[in-house]
Amino acid sequence: MASATPRYRFAPSPTGFFHVGGARTALYNWILALQNDGVFVLRVEDTDESRNHPQWTQGIVDALAWIGIDSSDRHFEGPYFQSAYAAEHVAAAEALVKSGHGYYCDLTTEQVQQRAKEKGLNGYDGYSRDRGLAPGPGHVLRFRVPEGQTVVRDVVRGDVEFANDTIEDFVLLRSNGSPVFLLANVVDDIAMNITHVVRAEEHLPNAPKQQMLWNALGATPPVWAHVPVLVNEQRKKLSKRRDKVAVEQYRQEGILPAAMVNYLMTLGWAPHGDTEIVPWSQIVEEFKLESVNHSPAFFDIKKLNAFNGEYIRLMSLDEFIAACQPIINSEQVPWPANRFDASVFKAMAPLVQTRVAVLSEVPALVDFLFMAEPMIDEAAFAKAFGAEWARPTLVEIATRFEKCAWTADSLKTEVEAVGTQHDVKLGKLQGPLRIAITGRSIGTPLFEPIELLGRDESLRRINSALQRANR
RNA sequence: GCCCCCAUCGUCUAGUGGCCUAGGACACCACCCUUUCAAGGUGGCGGCACGGGUUCGAAUCCCGUUGGGGGUGCCA
């Protein structure tokens, strides 16, 4: 038998943002498609056409592109929107009635619950199974769940057995005639020749129902794989309301796509060896669905940031500067655009590169160079000028700065000389100077930016700080 | 209620019966380096949920308990 091209479908719902959990599932599907020369099929899942906001679908495509899933690649197909197949969904339902797998029922939700309660059952009792009702207003179409058991062969979990009598005759068509998601999903998968369904574990309880539908529709069920969900610190499934889940947001804050991808891939799976920071090529080479974990993983932003810091430090200086551009040029930046100086930034870049975990931290390390006045941290200022040596030493530093050579090295030498005279270590002595120049008590090494700032402006800031301290 | 899944340091994981007095990473702590802060280096803290089996031998296999999570819609 000739083996067909494997087709992996990725089916996010159009919620207006792209979930990090979805990103990981997408990555799994994508890697599998690459490994097996298969196709990654993107189908946005919603049977309600009114929710097909093109910009949402585009947002998903963009987010996928950001993590390296390129819609122009030959392994990529789509995007499709589910409701485009609505007619086929209904046709499939009708076929199921003909073949005896479906039947109509006129009970309302309340009536179903009432009967279940009276009989001590869990769900629908099959009341209309043999009543031979015709389609009509108020009639839903239900699936006739057969006797026996359904075994879902799951690549990550092994065989999962469900006793069919614990599965009620579920609804296929609503009383208004519209297909439910479960049916639409299966019909689409069959129509698109999907061979592998790799999705989050929360869908596992639906798998037996879907598998029964595949069979009833005369198709061979796909290979199933239910991967563990991502959870928050409370061990609850990540949700938009409680947790930071939108990949767009991480992107905006300056998480590098490679770091995001690498981190995501260490959740529920691990590359060989003692290092977790590995190149994409190694991930593609080594990843195996079979070795994906069974238990939920906590999405740890701290660790993501640590990975990102690693990736930032792995970059060449030019790459780092290039990566900073979106942040540096964004409107969020505290300095006026016309004061920004690319050559100054370039000179600072090496000092900045080892000091940030995410790119959004970059502006705070260089902003004082591009602003007319540094933003003074009052608490830090008060503390730095609290020492009795603070003002006199800074006055001396200013005096020396007026005539010394204007290079970082000689600036440092001058400050050290003042320190020797007053018996204050450089580490402490630079405190008031740093506040005067940068407005903060921490930051990059000091003398390089002072050199960059120039003699006049540096002296002006020192004197301004001295005046402030005298108030 | 019913069904399903899960269980190794705080977190993410390695581990598929002897290589495990359980390895790595993040976080945390200490020290070194140092111009503050980082980065880097060195070291430290810290775990097989519990109880029964099976076996010469169990983190690894089986059963149970407990604990977590998910599903159970005429939502997707």
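Chain A is the first sequence line, chain B the second, and so forth, proteins listed ahead of strands; every chain is numbered from 1.
Between the CG atom of A:Asp48 and the P atom of B:C74 there is a distance of 17 Å, rounded to whole Å. In this entry the distance linking CG of A:Asn305 with C1' of B:C12 reads 15 Å, nearest Å. Across the protein-nucleic acid pair, A:Glu276 atom CD and B:A14 atom C1' stand 10 Å apart, rounded to whole Å.
Closest to the side chain of A:Ile442, out of B:C12, B:U36, B:G40, is B:U36. Distance from the side chain of A:Arg355 is smallest for B:A38 among the nucleotides B:U35, B:A38, B:A76. Nearest nucleotide to the A:Leu204 side chain, out of B:G68, B:C75, B:C4: B:C4. The side chain of A:Arg313 sits closest to B:G40 out of B:C5, B:G40, B:C12. Among the nucleotides B:C12, B:G24, B:A76, the one closest to the side chain of A:Asp274 is B:G24. Comparing atom distances between the A:Ser295 side chain and each of B:C6, B:A76, B:A39 picks out B:C6 as nearest.
B:G41 sits 10 Å from B:A25 when the P atoms are compared, rounded to a whole Å. Using P as the reference atom, B:C9 and B:C50 are 10 Å apart when rounded to the nearest Å. Nucleotides B:A59 and B:U21 are separated by 9 Å at their P atoms, to the nearest Å. The gap from the P atom of B:A14 to that of B:U72 amounts to 29 Å, rounded to the nearest Å.
Here B:U16 sits opposite no nucleotide as a Watson-Crick or G-U wobble pair (both hydrogen-bonding atom distances under 3.5 Å). Nucleotide B:C26 forms a Watson-Crick or G-U wobble pair with B:G10, both donor-acceptor distances falling under 3.5 Å.
At a threshold of 4.0 angstrom between heavy atoms, the contacts of A:Thr266 are confined to the sugar-phosphate backbone, with no base atom among them. Across all strands, A:Glu168 comes closer than 4.0 Å only to sugar-phosphate atoms, never to a base (heavy-atom distances). A:Thr15 comes within 4.0 angstrom of nothing in the nucleic acid, heavy atoms only. At a threshold of 4.0 angstrom between heavy atoms, the contacts of A:Leu107 include nucleobase atoms, whether or not backbone atoms are also involved. At a threshold of 4.0 angstrom between heavy atoms, the contacts of A:Val140 include nucleobase atoms, whether or not backbone atoms are also involved. Using a 4.0 Å heavy-atom cutoff across all strands shown, A:Gly268 reaches sugar-phosphate atoms only and no base atom. Among the atoms of the strands shown, base atoms are found under 4.0 Å from some heavy atom of A:Gln430. Using a 4.0 Å heavy-atom distance criterion, A:Gly443 is classed as a base contact. Residue contacts for A:Phe162: at a heavy-atom cut-off of 4.0 Å it reaches the sugar-phosphate backbone alone, with no base atom in range. Looking at heavy-atom distances under 4.0 Å, A:Arg157 makes contact with sugar-phosphate atoms alone, never a base.
With respect to A:Glu378 and A:Arg468, a salt bridge is recorded, a charged nitrogen being found less than 4.0 Å from a carboxylate O.
A:His294 has a side-chain polar atom (N or O) that falls below the 4.0 Å cut-off from OP1 or OP2 of B:C6. Residue A:Arg43 places none of its side-chain N or O atoms closer than 4.0 Å to OP1 or OP2 of B:A76.
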Using the rule given for salt bridge (charged side-chain N to carboxylate O under 4.0 Å, His left out), can you reason through A:Asp188 versus A:Arg9, listing the C-alpha separation, both sets of side-chain angles and the distance that settles it, and then say yes or no?
CA-CA 10 Å; A:Asp188 292 344; A:Arg9 68 103 151 103; over 6 Å; no

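A distance below 6.0 Å separates the ring centres of A:Phe299 and A:Tyr263.
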